[in-house]
Number of protein chains: 2
Amino acid sequence: MENTRKNIELENLKYDSQGLLTTVVQHANSGEVLMVAWMNADALQRTLETHQAYFWSRSRNELWHKGETSGNFLSVQEIWVDCDADTLLLKVIPAGPACHTGALSCFFRKMEDKDVR
Amino acid sequence: MENTRKNIELENLKYDSQGLLTTVVQHANSGEVLMVAWMNADALQRTLETHQAYFWSRSRNELWHKGETSGNFLSVQEIWVDCDADTLLLKVIPAGPACHTGALSCFFRKMEDKDVR
């Protein structure tokens, strides 16, 4: 099992100086962008093994199984890698609101129209 | 004009230790996630003023007007801010492929099914 994980995608991932990959989480059905978080190699491996999203909490400095306290786990359907291999896109089915505020998406505040157009 | 920009959203943005905000770029119509880049305050201000996406290039250490060489500018329709105020979501109409490889999205490589599920 270990060997099958060492395919070219995983080997070529480019972790930043803190050993992290920026990770965008998108709803697999609606396409809504739900949140952005960071993964280290351990979080990615656990995500691949369990098909649930794990991240590295930069504020708590610990592995973070998304949903471990809220129950709102993220079921990972697909993982895409960007051209620089330093950013991941997870397509997920969320068990509930992705944001700790209770919002479906962490991006619930829009900049005012007068600033954007 | 300066005063109108100093609304609560802009004041509350939480730039990281390098003065940057993680920025996700999503197609305003299809919902496809096109790329992830970083903005400093100057890039954000120019984006707000021109309605075209500007970023801070971390590799070149310079302001980056997306599309300045390719012509593939990003017309910014909406800007959303996440719960932590350290990440932006831009909804854009791209003038062409968003990726420097010519792909519509930078996320054109999918991890193998055996790894994901």
Side-chain angles (χ1 to χ4, degrees), chain A residues 1 4-5 7-10 12-13 16 22-27 30-38 44-45 47-51 58-59 75-91 98-103 105-117, chain B residues 4-10 12-13 16 22-27 30-38 44-45 47-51 58-59 75-91 98-103 105-117:
Chain A
M1 198 61 170
T4 65
R5 301 222 176 280
N7 62 31
I8 193 165
E9 289 289 15
L10 287 176
N12 282 350
L13 290 175
D16 70 12
T22 305
T23 304
V24 179
V25 179
Q26 183 179 32
H27 195 296
S30 71
E32 189 172 13
V33 175
L34 301 175
M35 59 183 288
V36 169
W38 280 260
L44 177 56
Q45 179 156 338
T47 299
L48 291 170
E49 286 171 358
T50 65
H51 308 147
R58 299 181 306 170
S59 57
S75 174
V76 178
Q77 311 297 302
E78 296 175 1
I79 301 179
W80 294 76
V81 184
D82 85 337
C83 53
D84 295 327
D86 61 2
T87 306
L88 302 179
L89 172 63
L90 268 59
K91 301 206 178 189
C99 186
H100 73 285
T101 64
S105 163
C106 292
F107 296 93
F108 56 84
R109 290 182 294 184
K110 189 176 172 183
M111 277 199 179
E112 296 181 30
D113 282 349
K114 67 176 166 51
D115 283 326
V116 181
R117 63 168 56 237
Chain B
T4 65
R5 302 225 176 279
K6 293 189 183 298
N7 62 30
I8 193 165
E9 289 288 13
L10 287 177
N12 282 351
L13 291 175
D16 70 12
T22 305
T23 304
V24 179
V25 179
Q26 183 179 32
H27 195 297
S30 72
E32 187 171 15
V33 175
L34 301 175
M35 59 183 288
V36 169
W38 280 261
L44 177 57
Q45 178 156 340
T47 299
L48 292 169
E49 287 171 355
T50 65
H51 308 147
R58 300 182 305 168
S59 55
S75 173
V76 178
Q77 310 297 302
E78 296 176 2
I79 300 179
W80 293 76
V81 183
D82 85 337
C83 53
D84 296 327
D86 61 1
T87 306
L88 302 180
L89 173 63
L90 267 58
K91 302 206 177 190
C99 186
H100 73 286
T101 65
S105 162
C106 292
F107 296 93
F108 56 84
R109 290 182 295 184
K110 189 177 172 183
M111 278 199 178
E112 297 181 28
D113 283 349
K114 67 177 167 53
D115 284 327
V116 182
R117 63 166 55 237

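Letters go in sequence order (proteins before strands), and every chain restarts at 1.
From Cys99(A), atom SG reaches atom CG of Asp84(B) across 7.5 Å, with rounding to the nearest 0.5 Å. Summarising the geometry, atom CZ belonging to Phe107(A) is positioned 9.5 Å from atom CD belonging to Gln26(B); distances are rounded to the nearest 0.5 Å.
Looking at Leu13(B) and Met111(A), their side chains come closer than 4.5 Å, going by heavy atoms from C-beta outward. In this structure the side chain of Val36(B) never reaches within 4.5 angstrom of the side chain of Asp82(A), judged on heavy atoms.
Within the 4.5 angstrom heavy-atom criterion, atoms from both the backbone and the side chain of Thr87(A) approach chain B. Both the backbone and the side chain of Val33(A) have a heavy atom closer than 4.5 Å to some heavy atom of chain B. Contact annotation for Ala85(B): both backbone and side-chain heavy atoms come within less than 4.5 Å of a heavy atom of chain A. Contact of Leu44(B) with chain A is made through the side chain alone, with heavy-atom distances under 4.5 Å. Only the side chain of Thr22(B) comes within less than 4.5 Å of a heavy atom of chain A; its backbone N, CA, C and O stay farther away.
Under the side chain to side chain donor-acceptor pair (under 3.5 Å) criterion, Ser59(A) pairs with Ser57(A), sequence neighbours left out. Every residue was checked against the side chain to side chain donor-acceptor pair (under 3.5 Å) condition with Thr23(A), not counting sequence neighbours, and none meets it.
At distances below 3.5 Å, not a single donor-acceptor pair connects side-chain atoms of Arg109(A) with backbone N or O atoms of Trp80(B).
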